[in-house]
Amino acid sequence: MTAPAVVSTPEHKAQIGELVVPMARLMKRLDDTRAEAVRPHLQAQRETNGWFNDHATRISTLKTELEARATAYDRAVIENERKRREEEAAKALEEEKRQTELAALAAANGDLAGSAAADEKAEQAAIAAASLEGPAPKAADVTRVRSGGVVGSSRTEWKGEIIDIDNLDVVKLRPYLKRDDLQKALNAYVRTGGRECAGAVIKEDVKASFR
């Protein structure tokens with residue numbers, strides 16, 4: 001039977017159906033035969049993968065646990081360094097203030113040499129405070145350790161976490177969303193009954209079906 005190039009009558013559609021239904025049955029037979037042919041190979045693959053994956057999973061779990069311990073230590077080291085810098089900066093500012101007051105007092109008493117010395121110490125304290133209030137050392141430098149041929153440090157990265165999805169600014173994220181992901185979201189919206197969406201056309205589609 002030859003399929004009509006263009007379906008323009010019920011008879012033409014019936015002819016298409018007489019061809020499509022056997023094709024569907026043949027496709028199923030082919031798929032069933034393929035599945036039967038590959039079954040022993042897939043079983044062997046599953047057994048092999050299972051053996052290797054079991055060991056890999058154990059190692060990965062232990063590795064993750066050990067890295068978590070080191071990460072907790074790194075975070076504590078970085079936090080302690082931050083506190084130390086804050087405390088030393090506060091002490092330096094306090095020393096700057098004290099030396100400035102001493103310089104003023106010495107100047108008022110005519111002790112110009114003492115006033116100059118106190119001014120110099122105040123300036124040194126101000127410089128120290130500024131350096132401590134400036135950019136902190138890199139986390140990798142603060143946490144770096146060496147043991148044999150291994151070097152341990154830390155990496156820092158900015159991460160985002162959604163805490164209120166209803167107020168999430170999707171407009172800012174739109175440039176980073178793939179079209180396929182947006183299409184999936186649109187399809188889900190349509191399946192739940194959505195019929196209007198700016199930037200999209202929602203319409204009922206028709207597709208021929210045979211059984």
Please report the interatomic distance [atom1]([X]) to [atom2]([Y]), rounded to the nearest 0.5 Å.
| X | Y | atom1 | atom2 | answer |
| --- | --- | --- | --- | --- |
| Arg58 | His55 | CZ | NE2 | 6.0 Å |
| Thr143 | Tyr73 | OG1 | OH | 8.5 Å |
| Arg144 | Asp74 | CZ | CG | 11.0 Å |
| Gln43 | Gln45 | CD | CD | 10.5 Å |
| Asn187 | Ile202 | CG | CD1 | 9.5 Å |
| Glu101 | Glu96 | CD | CD | 11.0 Å |

Restricting to non-hydrogen atoms, name the atom on [X] and the atom on [Y] that form the minimum distance, rounded to 0.1 Å.
| X | Y | value |
| --- | --- | --- |
| Ser154 | Ala139 | OG-O, 3.4 Å |
| Ile16 | Pro4 | CD1-CD, 3.9 Å |
| Leu186 | Ala200 | CD2-CB, 3.8 Å |

Decide side-chain contact (heavy atoms from CB on, under 4.5 Å) for Glu79 and Arg82; before the verdict, give the C-alpha distance in whole Å, the side-chain angles of both, and the deciding distance to 0.1 Å.
CA-CA 5 Å; Glu79 179 62 16; Arg82 183 189 66 79; 2.4 Å; yes
Taking only residues two or more places apart in sequence or in another chain, which ones pass salt bridge (Lys or Arg N to Asp or Glu O under 4.0 Å) with Arg84?
Glu81, Glu88
Using salt bridge (Lys or Arg N to Asp or Glu O under 4.0 Å) as the criterion, list what pairs up with Lys159, not counting sequence neighbours.
Glu157
Enumerate, atom names and distances included, each donor-acceptor pair closer than 3.5 Å involving a side-chain atom of residues 17-35, sequence neighbours excluded.
unit_1, atom_1, unit_2, atom_2, d
Lys28, NZ, Asp32, OD2, 3.0
Asp31, OD1, Arg34, NE, 3.2
Asp31, OD1, Arg34, NH2, 2.9
Thr33, OG1, Arg29, O, 2.8

Regarding [X] and [Y], does a basic nitrogen lie under 4.0 Å from an acidic carboxylate oxygen?
| X | Y | answer |
| --- | --- | --- |
| Glu86 | Lys83 | no |
| Arg69 | Glu65 | yes |
| Arg98 | Glu94 | no |

Ile78 vs Arg75 side-chain heavy atoms within contact, under 4.5 Å
no
Contact between Glu95 and Lys91 at the side-chain level, heavy atoms closer than 4.5 Å - yes or no?
no
Other members of the hydrophobic cluster containing Leu168, with the 4.5 Å side-chain heavy-atom rule, please.
Ile162, Ile165, Leu173
Does Arg46 form a side-chain contact (heavy atoms from CB on, under 4.5 Å) with Leu42? I'd like the steps, not just the answer.
CA-CA 6 Å; Arg46 281 193 290 269; Leu42 292 178; 3.8 Å; yes
Are the side chain of [X] and the backbone N or O of [Y] linked by a donor-acceptor pair below 3.5 Å?
| X | Y | result |
| --- | --- | --- |
| Thr57 | Asn53 | yes |
| Asp169 | Val171 | yes |
| Ser147 | Val150 | no |

Donor on one side chain, acceptor on other, Gln15 and Glu11, under 3.5 Å
no
Donor-acceptor list for residues 114-134 side chains, cut-off 3.5 Å, not counting sequence neighbours:
unit_1, atom_1, unit_2, atom_2, d
Ser115, OG, Ala103, O, 3.0
Ser131, OG, Ala128, O, 2.7

Salt bridge (Lys or Arg N to Asp or Glu O under 4.0 Å): which pairs involve residues 178-197, sequence neighbours left out?
none
